[in-house]
Amino acid sequence: MNKKIGLILFISGIFGATGSMNGIVRDEITHQPLAGVNVIIRGTDLGAATDNEGIFRIYDVPVGSYNIHVSMIGYEPISRANVHVVPQRNTVVNFDLHQQVLQGEGVEVTATFFEKTKDAITSSRTVDIEEIRSDPVGAYDIMSMMQALPSVISGSDQTNEIIVRGGAPGENLFVMDFLEIPYPNHYPEQGKGGGPITMVDTEFIERIDFYAGAFPARYGEKLSSVMDVTLREGNKEKHQMQSDLNMAGFGLTLEGPLTEKSSYLYSMKRSFMDFVISSTGLQAIPKYWSSQGKISYTISPTQKLNVNFIGGVDEINIEGENNPQLRGAENVDFLSRQATLGLTYKNLFSKRGYFITSLGQSWVNLNTDVYEMDDQLERDFYYRQNDLENDLSFRSEVVYKISDILEFNTGLTAKYLNLDYDNWFEDRPIELFGYSLSTNEIPELISSEEFYATYFDNPNTIATPLDTIGVLDTLKNKSVLDYQKYGGFFHFNLTPVSFLEISLGGRYDYVTFTEEGSFSPRLGLKWRLSPVLNFNLAAGRYFQPPFNIYLNSVRGTPENLKNYYADQIVGGIEYFPEADTRITLEYYVKEYADMVTFEMLEGSNGKDSLNWYNVINGGEGRSKGIEFFVQKKYSRNWYGSFSWSHSVSEGVDPRTNEYYPWNYDYRNVINLVGGYKIRYTEFEWYDNYKNSIIAKALSWLPFMPSDEYEISVKYRYMGGRPYTPKQYDHMTRSWYVNAEDPWNTERYEPYMRFDIMIQQRFNFKRMNLVTFWDIINVVNRKNPWDYVLLDDGTKQMSWQYTTMPIGGMILEF
Amino acid sequence: MKKYLIILLTLSTLLIGQNPDDFILSGKKKIHSALEHWNEQEMMNARAHFERGLHLNDKEWLFRYYIAYCNDQLVHYYQSKGDKKTALTYLNDGIKQLNEVIKLNKDFADGYGLLSSMYGEKMGIQPWTGIMFGSRSSTLIRKAIQLEPNNPRLYMIQGTSAMFTPEKWGGSKEEAKELYLKAAELFKTDNPPPLMPHYGKSDIYAWLGQLEVKLGHPDEAKMYYEKALEIDPNNNWVKKQLLPRIK
């Protein structure tokens, strides 16, 4: 410790650069500001106690990264690791303290680095901005970061969308500052909210509470996971600007005071892959804009109003069929615009509780045109989509602490949805092909045996359409649906004895269009076997209404669809061997019923077994698994996490009533993440070096020293993903699944990827520069994505990311 | 004692950015200001100050002692507001700190004394704990006096214990007065090193005044309160709480 303090004094003596730190400390349950909380910057004698408004301010903090310790009598102390103080800037760090359960003489509660997730019993994680910043590759994308958890996987490298414990991508709820954001991603998946790139600007994030299952009753309508994001407020004292630039795009963030009682935070980002690589021959280049803003207004010490906006415009133009990298894509023009604007009002109406309410309006407009080029090189459109969804959402909640052992939480939700889908589809005629080996030969219809013996994979093969079967079938679907969703919930947290916490809740959700209501009971138990060891158990029935695309479908009778559900039970232990280390072992079972699927074609022995014209509640499935997770926070120069999960996700094949593996049934998944930080400022030679010509000329190189130099690694293994082999019909030159073939019988090769990230931080007198270098898939492992099935009967593998360096920088001033 | 002061000085020089004496003295100033203003926030700031010191060196018994002392003042504050629950929280923490203090420095009489006093206060709030802590409190104060027989704060604590303990359990107002007067006498020559506790010079007359109130002698009480204010005109405990009660 002596050495550490000496060095800190040394650092501040040499550079003299300082920043400041402030924040608010609240009671975790009642959100009341806590006075007299001691906030200490570890390793220094700097610190402050909070005032009557729960606010602390610490000035003249030498530039660097610190662990912050927060304690108050009667509350469990907590620590936060790796908080950065940068020159001329103020770092805001807010804390929520949990009232101490174990009180009395002789009880020593160690400050943990793991902050409690709101009302969570199992399967949860809370992360702050510093953790997001340090995460290798996941840096600046929160969805990607969550993939280090054992419960979370993604479909592929190309999408950050998460799949949690066998659930579908559309089963994840995204909440931001108490506003539900139905479309938080670029290139949103219609009616489901998923999408490959997160729109949320990570620089806005203060903390994320993530629930991978068995979450409390306040969250409804989704049944797999919840990501509840709390945004920070803009700087209330001075205007600041930050710009960042990396391979994915560039952005500008502005913040500062508006009036004495209000502040703003605004950012604008644009991808620029199109500028950089349009000349490389890639034919599908995404182009997107995003914009996010927040205005915070403090009405009085007990009342606050926030206005939030988030929106994006996404374009992609895919040109050229049959390119393996494009998965056999057609010519597609895609344009989407999505946004949410919302108001959140909060009132600390009592010392024991608070009221919060929000009103949000979301829009999404999706335009897709699919076409072929005809002989005159004109576009021949055969699919056009212009879909619009509007979602007006009201949410209100009261939290009240009835006594030291009992908390109560209740709330209401109401949503008004307007779906306006306009689709036009001209079915392509099915052509029958004849084959020849030269233009002099007359093409003939041939048998399968002859095709494979003579024509398959033969460069001289000529396929000529000889006849057309079927007729052009043009479908025009103009489908408008207005409907509402209402919900209400209650939740009790009871701590009858110091070693036991019981969480009991329920919610009721009603969909007007289907006249379908469902009650979801939820129960959780936390048994504190010792101050560092808990046994946790949570269970419940989780309902989700059918996706909008099914409700507003012209296929079948969607008004008869029921809400589908999953019964979940999660049990496990949670152990804290050190203040900065947490180990969890959990077992879960999720049983799905009434899933929305397509009806089976009766007696089908053709090329398809599904009746695509009728949606029904016909699906059943299950997901179960065991998950092991060790996480060490960034408290002593390094951090790391290791997770392993073994799971089985499978559905019932209605043709046989037997289980088959679902598409994301990876079975074994391993994640290893770690990072180490070197503070070169702690070395005496560094000051001379920093001012030398060598440093000025070469510091941009990734291996050169910087004020703070961080190297992180990430390794991921996933078992082979299942797929259903398709058959080729040479007569129509198309691929199909045989109606009687079992599903997902084959698996791709396992997925493995190793990434390295280097981050350098340079602190200057008036600004800071952060540069980072990511090397994705360092060993260039070929991970299969999907087969591209070509119309000549051959297939090629489309690979996920190969080795790819990504660089970027952030400028703070 | 000198040995510990030297160790304190050495460790703190290494560990704390500012001069260690200044660190403790500035903390003591914060306590003094908080008491003068009888201000909860200031008292918490003072407590936070010493807690920061403790994070740099958790073996430093004097930091723990002053944390406990701040706790004791906060106990008085919350009791005066009728908030027994919070008072008890600070009491428990103070007792925990002081038990560490006497483990780290077995010769620190003021540590034993304050611990004895805090056990007494705990018994005042939770009388049923008397069975557990009554004899421990007596043992501690005896041990303290054995270590420093001329420390006036110890007699003040012992006197307060005698005043509040019911007669059937060995309390005596006469004995309390005797002890308070002895303490008052010793305070006249009390001159501890600057870093050490030095409270009580004015408070002893506040206690004497309270005792006289209990004995039914308001004039004597008033005289003692005035004497207290003569020594420390900013003693708000006397000025704003005790004296107005008998006027």
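Per chain, numbering begins at 1; letters A, B, ... match sequence-line order.
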### Query
What part of A/Ile41 lies closer than 4.5 angstrom to a heavy atom of chain B: side chain, backbone, both or neither?
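Contact with chain B: none, neither part.
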Looking at [options], which has the largest count of heavy-atom pairs under 4.5 Å with chain B?
options	value
A/Val39, A/Val37, A/Ile40	A/Ile40
A/Asp404, A/Asn38, A/Thr50	A/Asn38
A/Gly47, A/Ala48, A/Ser71	A/Gly47

### Task
Inspect the surroundings of NE2 in A/His31 and state if more than 12 heavy atoms from other residues, nucleotides or ligands are less than 6.0 Å away.
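Yes, enclosed.
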### Query
Can you tell me if NZ on B/Lys84 sees more than 12 non-hydrogen neighbours from other groups inside 6.0 Å?
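It does not: B/Lys84 NZ has 12 such atoms or fewer within range.
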### Query
Can you check whether B/Asn71 reaches A/Ile73 side chain to side chain, under 4.5 Å on heavy atoms?
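With C-beta onward as the side chain, the pair touches.
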### Task
Name, in order of residue number, those residues of residues 40-48 of chain B that have a heavy atom at a distance of less than 4.5 Å from a heavy atom in chain A; otherwise write 'none'.
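Near chain A, by residue number: B/Gln41, B/Met44, B/Asn45, B/Arg47, B/Ala48.
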### Task
Find the distance between NE2 (A/His69) and CZ (B/Arg52) and round it off to the nearest 0.5 Å.
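If we round to the nearest 0.5 Å, A/His69:NE2 and B/Arg52:CZ are 12.0 Å apart.
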